[in-house]
Amino acid sequence: MAAQAPTMLAPTNEELLQAQADLWRHSLYYITSLSLQCVIKLGIPTAIHRASGAASLPDLVTALSLPPSKLPFLHRLMRLLVHSGVFAADDTTDTGTYRLTPLSCLLVDGDDDGAAIVDGHPSQVPTVLAMGSRHCVEAAMGLADWIKKDSPSLLFEDVHGATPFDESMADLDPETHGLLNEGLAAHDGSGFAAVLRECREVFQGLESLTDCGGGDGATARTIVEAFPHIKCTVLDLPRVIGDKKTDGVVSYVAGDMLSFIPPAQAVMLKGCVKILAQCKKAIPSREAGGKVIIIDVVISSTSGPLLEAELLMDVGMILIGKGQQRDENKWCDLFKKSGLQ
């Protein structure tokens, strides 16, 4: 006798109302993202910062030369972003005063003289604008069609015929190509000062370090400032290294990290885990102080905003590449396969 399918209990009226609210929230999430981009493009975080950290809507309209007729619409936009934690407000009326939160401190324009309001943490404006760029949004809109195809191509490549951070992207749209690279650099530099403050023991005792995918060397210079005795080398693609010269503080090597990594006591990665086998070849034994330092996300097991951000980042990586975010078990498996402890 065939097993009967379980009977689903009919939702209560209260559950249906909550479900409808959740459905609207998920369907309209993109409005929060686009509202965030809007205030960045208007210069609102920087304007509040220049106003000693607090400004009313009329003050912002005047400072940014916006049409006074748009004040009611700006009020509705700011009310949403206060609720989302982007800004703080004494009250959310038309005449309320708005302040920066830790989140919007990261959105002060990096070109502003006073932008370094979070010590050692670069402005994340390029990251937000890159992930919300037209090409990334269009790639996301093509997700369903891409999943239906039995194709090895990346989602972004399938939609646009170009690959992010590649010369094909530069040929397709030089402006977006530059924006994506600026966003990647800002993301890679985010929070590293906090890493040094909270995890100093990881770097203590090191004599040399190779920063794989180290870009302009900003992270390596931060390490040298904190630990002057560490000899730092930056390895990145020739187009990234360009004409950068070794200056006595940081050495630059142009090359393909999949093929070769300059030997050092430690190798540091920020998201480039597919080169772990090369890392093992570049460092000495554990007894001699060899180590691989990885700065990346570990997907948590606790529900909440942090987990949601980690999962969004994981799906976001589908849009622009082959990478993924991992939980602790997947990280352990990855290390074992690479011969690391």
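Position 1 is the first residue of the sequence; numbering continues from there.
Side chain of Thr233 to main chain of Ser251: no donor-acceptor pair is present (N/O by atom type, distance under 3.5 Å, no hydrogens or angles). In terms of modelled atom types and a separation under 3.5 Å, the side chain of Asp314 and the main chain of Gln325 share a donor-acceptor contact. Of the possible donor and acceptor atoms, none in the side chain of Ser104 sits under 3.5 Å from a partner among the backbone N and O of Leu107. Between the side chain of Asp109 and the backbone N or O of Thr46 there is no donor-acceptor pair closer than 3.5 Å. Looking only at distances, a side-chain donor or acceptor of Glu310 sits under 3.5 Å from a matching main-chain atom of Ser300. A donor-acceptor distance shorter than 3.5 angstrom exists from the side chain of Thr222 to the backbone of Ala218, with no hydrogens or angles considered. Proximity of a side-chain donor or acceptor of Glu198 to a complementary backbone N or O of Val195 within less than 3.5 Å is not detected.
Qualifying side-chain contact (heavy atoms from CB on, under 4.5 Å) partners for Ala185, counting only residues two or more places apart in sequence or in other chains: none. Glu138 pairs by the salt bridge (charged side-chain N to carboxylate O under 4.0 Å, His left out) definition with Arg134, not counting sequence neighbours. With sequence neighbours excluded, the residues that form a side-chain contact (heavy atoms from CB on, under 4.5 Å) with Ser153 are Trp146, Ser151, Glu157, Asp158.
Heavy atoms from other residues, nucleotides or ligands lying under 6.0 Å from CD of Gln324 number more than 12. In Leu9, the CG atom is not crowded: 12 or fewer heavy atoms of neighbouring residues, nucleotides or ligands sit closer than 6.0 Å. Within a 6.0 Å radius of NE2 in His187, other residues, nucleotides and ligands contribute 12 heavy atoms or fewer. Heavy-atom neighbours of Glu201 CD from other residues, nucleotides or ligands within 6.0 Å: above the threshold of 12. For CD of Glu175, the number of neighbouring non-hydrogen atoms (other residues, nucleotides, ligands) closer than 6.0 Å is 12 at most.
Note: Ile241 CD1 to Asp216 CG = 9.0 Å, rounded to the nearest 0.5 Å. Annotation: the span from Met257 atom CE to Cys279 atom SG amounts to 9.0 Å, rounded to 0.5 Å. From Ile261, atom CD1 reaches atom OG1 of Thr210 across 7.5 Å, with rounding to the nearest 0.5 Å. The distance from atom CG of Leu269 to atom CD of Gln278, rounded to the nearest 0.5 Å, is 11.5 Å. For the atom pair Leu340 CG and Lys291 NZ, the distance stands at 13.5 Å (nearest 0.5 Å).
Looking only at atom types and distance, the side chain of Asp166 has no donor-acceptor partner in the side chain of Thr163 under 3.5 Å away. For the residue pair Gln124 / Thr127, a side-chain donor-acceptor distance below 3.5 Å is found, with atom types taken as modelled. For the residue pair Ser56 and Asp59, a side-chain donor N or O sits within less than 3.5 Å of a side-chain acceptor on the partner.
Here the side chains of Cys232 and Asp211 are not in contact, with every heavy-atom distance at 4.5 Å or above. Looking at heavy atoms from C-beta onward, Thr246 lies out of side-chain contact with Val250 at the 4.5 angstrom threshold. A heavy-atom distance below 4.5 Å is not found between the side chains of Leu209 and Val267. Side chains of Arg326 and Leu334 form a contact here, defined as non-hydrogen atoms less than 4.5 Å apart. Put simply, the side chain of Leu276 does not reach to within 4.5 Å of the side chain of Lys337, judged on heavy atoms. By the 4.5 Å heavy-atom criterion applied to side chains, Asp327 and Lys330 are counted as neighbours. Leu60 places none of its side-chain heavy atoms less than 4.5 Å from the side chain of Leu42. At a threshold of 4.5 Å between non-hydrogen side-chain atoms, the residues Leu235 and Phe260 do not count as touching.
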Does the pair Leu143 and Ile318 meet the rule for a side chain to side chain contact (heavy atoms under 4.5 Å, CB included), with working shown? CA-CA 9 Å; Leu143 185 58; Ile318 297 175; 4.2 Å; yes
May I have the step-by-step check of side chain to side chain contact (heavy atoms under 4.5 Å, CB included) for His135 and Leu172, ending in yes or no? CA-CA 10 Å; His135 287 85; Leu172 175 68; 4.0 Å; yes
May I have the step-by-step check of side chain to side chain contact (heavy atoms under 4.5 Å, CB included) for Lys322 and Leu154, ending in yes or no? CA-CA 7 Å; Lys322 297 180 179 179; Leu154 301 176; 3.2 Å; yes
Passes side chain to side chain contact (heavy atoms under 4.5 Å, CB included), Val108 versus Ser123? Steps please. CA-CA 6 Å; Val108 173; Ser123 170; 5.9 Å; no
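The stretch residues 243-254 participates, sequence neighbours left out, in these salt bridge (charged side-chain N to carboxylate O under 4.0 Å, His left out) pairs: Arg221-Asp247. Pairs engaging residues 22-37 under the side chain to side chain donor-acceptor pair (under 3.5 Å) rule: Gln18-Asp22, Asp22-Arg25, Arg25-Tyr29, Tyr29-Glu308 [sequence neighbours left out]. Applying the ring pair (Phe, Tyr, Trp, His ring centres under 6.0 Å) test to pairs two or more places apart or on separate chains, none has a residue in residues 219-247.
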